[in-house]
Structures are given as C-alpha cells and as structure tokens.
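Structure, as structure tokens:
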Amino acid sequence: MEQQYIDLYKQQHESIKKHSAAVMNDSRDDAFALFEALRFPTVALENYKYTDLKEPLSIDYGLNINRIPIPVNPYEVFQCDVPGIHSYLYFVVNDAFYPVNEPRNKALPKGVIIGSLKEVATTHPELVKNYFGKLSTTKNDGLIAFNGAFAQDGFFMYVPKNVVLDKPVQLVNIMRSDVDFMANSHNLIILEEGAKAQLLVCDHTVDEVHFLSNRVTEVFAGEDATYEHYKLENTHTKTTNLSTLLIDQHPSSNVLANVITLHNGVTRNTIEIDLDGEHCETLLCGMVIGDKNQQVDNFTSIIHNKPNCNSRELFKYVLDGMAKGGFTGKLYVAKDAQKTSAFQTNRNILLNKTAKMRTKPQLEIYADDVKCSHGATIGQLDETAKFYMQSRGIPESEARLLLMFAFTNDVIENIRIPALQDRIKLLVEKRLRGELSKCEGCVICQ
Amino acid sequence: MLEIKNLHANINGKEILKGLDLVVRPGEIHAIMGPNGAGKSTLASVLTGNQTFEVTKGEVTFYGKNLLELTPEDRSREGIFLSFQYPVEIPGVSMVNFMRTALNEHRKYKNMEPLSATDFLRIMREKKTLVEMDNKLANRSVNEGFSGGEKKRNEIFQMAMLEPRLAILDETDSGLDIDALRIVANGVNKLKRPDNASIVITHYQRLLEYIVPDFVHVLYDGRIVKTGGKELALELEDKGYDWIKKEVEENI
Ligand SMILES: Nc1ncnc2c1ncn2[C@@H]1O[C@H](COP(=O)(O)OP(=O)(O)OP(=O)(O)O)[C@@H](O)[C@H]1O
Ligand SMILES: [Mg+2]
C-alpha cells in the first residue's frame, strides 16, 4: 500500500515542492528516501505493537498536493467545543493554514508571529530554518518520514524572548472533504527564552468520509520558557489521527502537555519530550474515553539528558464496547542525568469484557542517583463504591458515571486554563453519559 | 414496618443466614448483638440489597412491599439506611456532589423538585452541626483519608441528610472515642421520631446506655436465638456468649 504514495512522490515531488516553502523542501527528498526504506509501520514493530494501521491505510485517500482551496467557512461548519474561552483563534483546514479575519487576533503581543508555516518559512526563512525539522528529521519512524516527504504547510507560532501571551492560542484543525482524504501537516512552535504560551489544539471532522491525518508538531521551549500544550480530540469513527508531538526543553523550562481523546476512530499519539537542560519541569498527561471500535495508542517517551529535572506522567483510560487502548511510557535517564525525579502512572478501567487495554512501562535508567517510579493498573469500576452510592439512593447508572468521572478527574485538574477545565469537565461528563457519542453535526458514528 | 421471615442467605455457596426472623415496628429500637462472624453484617447487607449475598429462602417485607425485589437505590429511597461497619472511600467524588445527588434522587422518588443550591447547602450546614462534623470533611472526597471515627460520624451525617424510616447502624460505635460516641448517639436520638425505627448492631453495652433499646437480640450462627429487654445486653457483657451457645446446642 506504500507503493502508490511512493509513485505519487516520484511523479509529483516538483508540485509538492512548488506549493511549499524552500526551508521545508530542503529535507524533503531525504525524508522520502527514509520513508521508502522504512515504509509504514506495522504491528510487527515493537513501537507500533498497539497501533494497527492495516485497515486505515488500505483506504484510497485523496491528497491535495496542488493546494486547491477547499470551499469552506470554518465558522459555519464548526461549532466550537470550547466556546467562551478567550483565545487567539486560528484554523487549519485539512493540512492548510486557513486565514480568517479574526478581530481578536489583532491584539497579539509585539513580536509574536502566528500563521501559516509555509508563509512564514518564506517571509522569515532564517527563523524557521533554525528550528524546522531539528527534532523530526532525526527520528527513525515511517510516519514521521512520510510527513517529511508530503507535508506542505501547517501552523506556526513564534513567541520572542520574555514575551508572555496573555491569552491561550486556539488552533482548530478541521477535516473537510467530499472524498476520502489524507492530510499531512507540520506545526512548528518556538518559545524563546523566558517566553510563555498556552496552545489548545482541537481536532474535528465535519464530513462523513474517511480521513487520515498525519501531523508532526515540533516545539522548542527555550530557557525558562513556560509552555502548555492541550490537545482535544473529538473526531468521528472514520478518522485516523496520527499525531507526533516532539518537544525540546531547554534549561529551567516548564512544559505541560495534556492530550485528551474524547471521541475518535483510530488514534496514535507519539509524544517525545527531551529534557536538554537542567532544572526542567515536565508534566505529561492524558486521558482516553473509548467505546465502539475505537483505538487509541499513546506512545510516549520522556528523555532525561541532563541532571536535576523533574518529570511526571499520568495517563488514564476508560474503555467500553470493543475499544482497544495502548499505552507505552518510555522513560530514559542518561548516565549523567543525576538527581532526576520521574514518576509515571497509567490507570485503566475496562467497563466490559470486550474492551482491551495493553500497557507497557519501558524504563532505561543509566544514572544512579535518581528517584523514578512507575505503576500501571487495569481494573474495573469499584463495585463496593458503587454499592455504597446505590445504598444512598443514587441509581446504578449515575453511580457508575460518578466513579468514571472521578477516575478521570486528576487528568482534568491538570488543565491550567480554568474556563477550559470547566468546559472539558462538561464534555467528559457528556461523553460518559453517552450524549457525545458522535461529534456535533455528524451522523456516521451512530 | 419490617418483617423478616425464615431468611436464608449464602455467600459463595456458604450459608450464613440460616432462618432468621425479626419484626420491627415504627418507633422501636432493636439492638442486635452476637459473636464475630455470626452474620450481623450479612443481615445488614441483605437488607440493603448487596448483590454479593444470595438470598436462598425466606421473605422480607418493608411496609408491605417485598423488599428483596427492590434495587439497592429503591430500598434507600423507601427509607432504609445502613451506617456501614466499613464505610467506603470514593476518591474524586466530593461529599457535596455525592450528597446532593443522593438527596435529589430521594426527592425525585417522592415527586419533589430538586433542591436549589442554596437550600441544599443550608440543609447540609444544619445536619453538619447536628453531628458536629468538621467543615473540612464536607469539602473533601467521600471518606477519603477520613479517620475511622470521622468515617462513622460521616455515616450519621448522611443519615441525618436522608432522614430514613429504618436506620441500621452496623457497629457505628466501634472506633469512636467517648466524646464521639456521645455525639453520634446524640445525633441518632435527635433524629428519632415516633414513626421511624432503628436496628443497632453492636458489641458493647456502652452504646446502649445512650441509645436505649426496646429489644436486644442475640444473633448466633445465622439465627436470632434469644431476645430480651435492655438488661440482656448487660448480661451478655457480663457473661459473654458461651452460655447462649450452650443453650442453643442443648436445644438441638
Ligand atoms: N465476602 C465474603 N466472602 C466470604 N465469606 C464472607 C464474606 N463476607 C462475610 N463472610 C463470612 O460470613 C460470615 C458472617 O460475616 P458477618 O460479617 O456477617 O459477621 P458479623 O456478625 O458482622 O461479625 P463481626 O462482629 O465480626 O462484624 C463470616 O464467617 C464471614 O467470614
Ligand atoms: Mg459485622
């Protein structure tokens, strides 16, 4: 199934490059060569044991190499899941940055650049060149290589030294197409020394076709920078969402990444956070609510390269139906990364016998003066707690709901934007009640 | 109000209740005493609908209704309350949310409107005062990290909130210091009305000095083998259970 894409690249690489930017094209042929060698990952690979892409990759997707504008008004097709959040608002439709005239975006602090990666790579090539591909091109991963060959645009955000973004930035990815469609996008986020920013990425689908999104996001958190990355996925069951998040932390930077899958088809999150300076703080968390035939695999790595850093990781899954969950928590502590403290927790609830969860901690610790721990559990809802609630008059269904909600609570508490936290609480509750079994305005998930 | 006839119940195929009879009328206080493992908590579990126990024989009616057919939540809404011997911790579920949900479910059952937030908080405040419960506890997750005594006090607080017709207190006194015991007993007495009743399971005569029973029953080997007035509790405390065991054996 790779062959059609290999042929496509060989025939179309000129067009691909023509509709992208030079900085992005520099590494394109190498990425393609790497993809040709690696191919798409299969479950035979250790790192892809829990992500089965055979079916989604057998679909014949269209690509928009020639960047034909998609006729869509994002405001019309998309009802925001998190309205009322005061944010700077941007759209990416499929894999193209979608310019909208948002009055509220005019007030961006001085020096901040937010826009299309393709455009900024043309207008500010020196800036982009210093960062683009620095994290992604070194990875030996078929999906990342594929993205390197085919991605032509994406979202770009630059926050200069000591600038603080006063409001969160909201990036809404909308998948919109009349035919089965594949989107490859590359996001680049740069925070210079002392900068502060919060990014909320929302993934949505609006049409009833099959979508495959293969996205790579590179984040550079400069010295003393503070970055929060929230990803809220609410897509339909015919969506395959392959998302790579690579974060590089400089000394004393503070990063929070919280990835929430509320509804989806097949999801693979590859997340790698490199601690490349001392005194970094990292909190990586996420939750999954899955039912039907949904699949979610969070493959995470936290790499302690330098001493005196703290990382904490927390993932929670609630699975029902025939849902399949996978979690890998790789923790690497380099030989001289002394005084590392790293804690990892993955807890899962299976609501029936057909849902499946596989979890794997993977610790490689080469330093001796460290505090590390990991724990994984797979269980059911606490029956004694349920009975206790029932004995007070609370119906069984409500008791289950309260327990599930309580279970996910500590992930939700790690959302540091209060309005967003409230909103996500509500969405999670709706989802657990089965009221959000399909995304708004879409009919195929029934 | 409550009639138990020839009740048999199993757990994992092992028979625990072996033909238990008991009648409770409005206004009465019944104490149940008996050696460890006799089946006292099992009785409480069966009455509240805990599915881990299987009723194999017998009848239980509550105000004429077949209790055994009701779900645990409906039994609660009908007015049965159990103060658990081992209250359960529920991390992540706040006391406020828990109590509000429970209370509103009770109201729904009686075709009453849900309480407004202000009314609910007012009632909560009143009942907290009644059992002298610390404000901090009410703001935490249900029983999470509560001390043994705090958990017991929380049970009585919940009882005060739900105003049951039949309260079953399963060793609510164990683990309480003297002051707490007095507060808990006081709470129970203040909630007493001529139309409600209590079953007090205890090992100690001490509690019965505060909550004075009309009847004292001895539960032994899955049955009520002896019933007397409040003086029976004193006798048991004095002499232990051996003489009762002997009596039972002689009767066989
Ligand atoms: N979950 C269970 N599995 C197996 N046996 C059980 C279970 N629960 C109770 N039992 C058994 O049932 C019997 C009665 O237990 P129960 O808790 O009703 O006793 P009790 O009279 O309340 O005792 P205590 O005074 O110690 O509280 C005991 O032998 C106990 O071991
Ligand atoms: Mg007991």
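Each chain gets a letter, A, B and so on, in the order its sequence line appears, and its residues count up from 1.
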Within the 4.5 Å heavy-atom criterion, are B:Arg77 and A:Pro395 side-chain neighbours or not?
yes
Does a sphere of radius 6.0 Å around NZ in B:Lys192 hold more than 12 heavy atoms from other residues, nucleotides or ligands, not counting ones at 6.0 Å or beyond?
yes
Report, as yes or no, whether the 6.0 Å neighbourhood of atom CZ on A:Arg416 holds more than 12 heavy atoms from other residues, nucleotides or ligands.
yes
Minimum-distance pair of heavy atoms, taken over all atoms of A:Arg392 and B:His106:
O-NE2, 3.1 Å
Considering only heavy atoms and a distance below 4.5 Å, find which of B:Gly49, B:Pro164, B:Pro91 pairs most often with chain A.
B:Gly49
Measure across B:Ser76 and A:Gly393 and return the closest heavy-atom pair with its distance rounded to 0.1 Å.
OG-N, 3.0 Å
Please find the pair of heavy atoms, one from A:Ile394 and one from B:Glu105, that lie closest to each other, and give the distance.
CA-CG, 4.3 Å
Can you check whether A:Glu396 reaches B:Thr71 side chain to side chain, under 4.5 Å on heavy atoms?
no
If you round to the nearest 0.5 Å, how far is CD of A:Gln390 from CG of B:Asp74?
10.0 Å
Near B:Lys108 NZ, under 6.0 Å, is it more than 12 heavy atoms from other residues, nucleotides or ligands?
no
When the 4.5 angstrom heavy-atom criterion is applied to B:Asn143 and chain A, the contacting part is side chain
A:Lys386 atom NZ: more than 12 heavy-atom contacts under 6.0 Å:
yes
So what's closer than 4.5 Å to chain B heavy atoms on A:Glu413: side chain, backbone, both or neither?
neither
Stepwise side chain to side chain contact (heavy atoms under 4.5 Å, CB included) test for A:Tyr388 and B:Val142:
CA-CA 10 Å; A:Tyr388 187 72; B:Val142 179; 3.9 Å; yes
Any idea which of A:Leu403, A:Thr408, A:Asn409, A:Thr384 has the most non-hydrogen atom pairs under 4.5 angstrom with chain B?
A:Thr384
